[in-house]
Amino acid sequence: MGIDENKKARPLFEFVDVGREEPEKHSIESRQIEFKEIYQPLEQPRIKQQASRCLDCGNPYCQWKCPLHNYIPDWLNLASEGQFIQAAELAHQTNSLPEVCGRVCPQDRLCEQACTLNTGFGAVTIGQIEKFVTDNALAQGWRPDLSHIPEQPYRVAIVGAGPAGLGCADVLARSGIRSVVFDRQPEIGGLLTFGIPEFKLEKEVIQKRREVFESMGVEFRLNTLVGRDVTFEQLRSEYDAVFLGMGTYQAVAGGIEGERGKGVYKALDYLIGNTVKQQEWDYKEYPFIDLKDKKVVVLGGGDTAMDCVRTAIRQGAKQVICAYRRDEEAMPGSRREFNHAIEEGVEFQWYRQAQHIDLDGNGKVKAIEFDIKEPISQADGTVKLESSGRSEVIDTDAVIVAYGFKANPPQWLQDLGIELDNQSRVVATETNAYRTNLDKVYAGGDMVRGADLVVTAIADGRKAAQAICEDLEVFV
Ligand SMILES: Cc1cc2nc3c(=O)[nH]c(=O)nc-3n(C[C@H](O)[C@H](O)[C@H](O)COP(=O)(O)OP(=O)(O)OC[C@H]3O[C@@H](n4cnc5c(N)ncnc54)[C@H](O)[C@@H]3O)c2cc1C
Ligand code: SF4
């Protein structure tokens, strides 16, 4: 389907009469206890109306800002006409997981930030519409039709079933190349399943997507650790190419005295333990950490910290404080998720740099001490943080450290001579189409970029798949 064929005349100034409308959220009371997505579904007529607000600018900034360069104005146009299946078909031409991106992309700093209407009229609700058209199509039984694609005599091994690996598998399947995706976890999704909590992305969404991939001929070998259950050398000799999308999993330590005390947790251990409990999965590697009735301090200001504070609220913590060393403006995470945390009752403390965790006689956390920072404007316009000389002590029962993640490529990969940069990220640049220095080996996602976003990981996996096709001389 050509994208220009979809374009029909539409009212140009719809946005004047119809304002930006987000779906209603569930009540705060239910959000404070439920691990469910917080938005209520939008009905078709409202989706059509919201989609019709798009101006169809000659130069769609939203499309350029989206790391996948989605054909946003085109599928908005189809949605405005109620052609939801066609819209979903078009969305899948550039995105392997549109229903996921619609839910978890920080649209406020990507597509919607760039929307022309985001200049006082309210951006088009691009993410919500992307989510709706995909959920709707999948619920109606729509599946990608690959019957016209000739099967190629090649097989590709993909290590990691996160967004990067799935993006790669999707493009390969659409090119007639079979892939086998290996993952050490019992379910696909990477951090989508074992990281991001249900109130942002329900696990059923990934389970449904797994069925879609399987219907496209993608094979998943789960509970399989590459480097132990199967060697990398085996993969390289048995497959025509190998894509690595293994993520970054080494938690950045706080460097705080007392950090090893009882009651001090790593963010991902806390989040995964909670998901495993919610899903009733038999996955003993991640025990449940129960913060009910506890006073909790979370250190950090990114998406992971927001997920931790909101999880602690839902577990019934007595008080949840997020301490960040800069201010609200400087927080790296999505503004939307920060606002959700405020609504749900999280308290924020700015300019707090953790110094020391006090432990009781049993080695259990009892308080945390912060150095209070002061922002000092510099001559070059930047702001430097300096100690104010004051400190603050907060009594607490638990501390969660959410300072982000560092790349941690396995030793076997390093022994084979894969090129790494000075932050241990695999070198595989976009200009070289995510090829590594090892023959037939490609890489993308967090292990190449460092901890980043779902949408950028998908984009890397897709581009690497295109390079694999090019190198195997498969042109569909
Ligand atoms: C708590 C949290 C919340 C986040 N929230 C958001 C958000 O709201 N929006 C957003 O855009 N991004 C968010 N992110 C970031 C996003 O999840 C990641 O950038 C993205 O998942 C990276 O994708 P990936 O495929 O590179 O890696 P991952 O998703 O980490 O997937 C890597 C996969 O490789 C597997 N693997 C690793 N080594 C092996 C091995 N040796 N053998 C077999 N399998 C292996 C792992 O089990 C895993 O499944 C969040 C991250 C975290 C931690
Ligand atoms: S993938 Fe993300 S950035 Fe791109 S259109 Fe969808 S929500 Fe926006």
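Here, residue 1 is the first one in the sequence, and each next residue gets the next number. Order of appearance sets the numbers: ligands from 1, and atoms from 1 within every ligand.
With respect to the salt-bridge test (charged N to carboxylate O, under 4.0 angstrom), the residues Glu99 and Lys208 do not qualify. The pair Asp229-Arg221 fails the salt-bridge criterion, with no side-chain N (NZ, NE, NH1 or NH2) lying under 4.0 Å from an Asp/Glu carboxylate O. A salt bridge does not link Lys131 to Asp135: none of the charged side-chain nitrogens sits closer than 4.0 Å to a carboxylate oxygen. One finds no salt bridge joining Glu202 and Arg103 here, because no Lys/Arg side-chain nitrogen approaches an Asp/Glu carboxylate oxygen to under 4.0 Å. The pair Glu238-Arg155 fails the salt-bridge criterion, with no side-chain N (NZ, NE, NH1 or NH2) lying under 4.0 Å from an Asp/Glu carboxylate O.
What sits closest to atom 15 (C) of ligand 1 on the protein, heavy atoms only, is Asp452 O, 3.3 Å. Nearest non-hydrogen protein atom to atom 4 (C) of ligand 1 is Ile196 CG1, 3.5 Å. What sits closest to atom 45 (C) of ligand 1 on the protein, heavy atoms only, is Arg184 NE, 3.9 Å. Looking only at protein heavy atoms, the nearest one to atom 5 (N) of ligand 1 is Lys200 NZ, 3.2 Å. The nearest heavy-atom contact from the protein to atom 17 (O) of ligand 1 is Leu191 CB, 3.4 Å. Counting only heavy atoms of the protein, atom 1 (C) of ligand 1 lies nearest to Leu271 CD1, 3.4 Å. Nearest protein heavy-atom neighbour of atom 30 (O) of ligand 1: Tyr249 OH, 2.6 Å. Of the protein's heavy atoms, Gly245 O, 3.3 Å lies nearest to atom 32 (C) of ligand 1.
Within 6.0 Å of OH on Tyr61 lie no more than 12 heavy atoms contributed by other residues, nucleotides or ligands. More than 12 non-hydrogen atoms from other residues, nucleotides or ligands lie less than 6.0 angstrom from CD of Gln411. For Arg260, the CZ atom sits in a loose shell: 12 or fewer heavy atoms of surrounding residues, nucleotides or ligands are nearer than 6.0 Å.
Not a single heavy atom of Gly227 lies less than 4.0 angstrom from ligand 1. Residue contacts with ligand 1: Phe405 is included, with a non-hydrogen atom under 4.0 Å away.
If you number the atoms of ligand 1 from 1 as listed, the ones under 4.0 Å from a heavy atom of Gly160 come out as 33 (C), 34 (O), 35 (C). Atoms of ligand 1 found under 4.0 Å from any heavy atom of Gly445 (numbered from 1 in listed order, with element): 26 (O). The ligand atoms of ligand 1 that sit less than 4.0 angstrom from a heavy atom of Thr224 are 42 (N), 43 (C). When each atom of ligand 1 is checked for a heavy atom of Asp446 under 4.0 Å away, the hits are 18 (C), 19 (O), 20 (C), 22 (C), 26 (O). Those atoms of ligand 1 that come under 4.0 Å of a heavy atom in Leu225, given as number and element, are 40 (C), 41 (N), 42 (N). Interface atoms of ligand 1 facing Ala164, defined by a heavy-atom separation under 4.0 Å, are 25 (O), 26 (O). Taking every non-hydrogen atom of Gly247 and a distance limit under 4.0 Å, the qualifying atoms of ligand 1 come out as 27 (O), 30 (O), 32 (C). For ligand 1, the atoms sitting less than 4.0 Å from at least one non-hydrogen atom of Gly190 are 29 (O), 31 (O), 48 (C), 49 (O), numbered in the order shown with element in parentheses.
In terms of polar-atom proximity, Ala457 is not counted as a contact of ligand 1, lacking any N or O under 3.5 Å from an N or O of the ligand. Among the atoms of Val226, some N or O lies under 3.5 angstrom from an N or O of ligand 1. At under 3.5 Å, not a single nitrogen or oxygen of Thr248, backbone or side chain, sits near a nitrogen or oxygen of ligand 1. When only interatomic distances are considered, the shortest N/O to N/O separation between Thr304 and ligand 1 does not fall below 3.5 Å. Note: no N/O pair closer than 3.5 Å links Trp412 and ligand 1 by distance alone. In terms of N/O distances under 3.5 Å, ligand 1 is approached by Val104.
Of the residues Arg314, Gln279, Lys36, Lys203, the one that meets the side chain to side chain donor-acceptor pair (under 3.5 Å) test with Glu198 is Gln279. Under the side chain to side chain donor-acceptor pair (under 3.5 Å) rule, Thr231 has a single partner from Gln234, Glu233, Arg228, which is Gln234.
Considering only heavy atoms from C-beta on, Val426 stays 4.5 Å or farther from Tyr434 through its side chain.
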### Message
salt bridge (Lys or Arg N to Asp or Glu O under 4.0 Å) for Arg310 and Glu344? Distances and angles first, verdict last.
### Response
CA-CA 7 Å; Arg310 297 176 66 200; Glu344 290 165 9; 2.9 Å; yes

### Query
Does the side chain to side chain donor-acceptor pair (under 3.5 Å) test come out yes or no for Gln113 and Lys65, once each step is laid out?
CA-CA 8 Å; Gln113 185 198 52; Lys65 195 75 188 271; 2.5 Å; yes

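The aromatic rings of Phe338 and Trp350 lie tilted to each other, with the angle between the two planes from 30° to 60°. A tilted orientation is assigned to the rings of Trp142 and His92, their planes being inclined by 30° to 60°. Classification of the Phe194-Trp281 ring pair by plane angle, with boundaries at 30° and 60°, yields tilted.
Protein atoms that are N, O or S and lie under 2.8 Å from atom 8 (Fe) of ligand 2 are these: Cys111 SG.
Judged purely by atom type and a 3.5 angstrom limit, Thr436 uses its side chain to pair as donor or acceptor with the backbone of Leu438.
Residues meeting the ring-ring contact (aromatic ring centres under 6.0 Å, His included) test with Tyr403, sequence neighbours left out: none.
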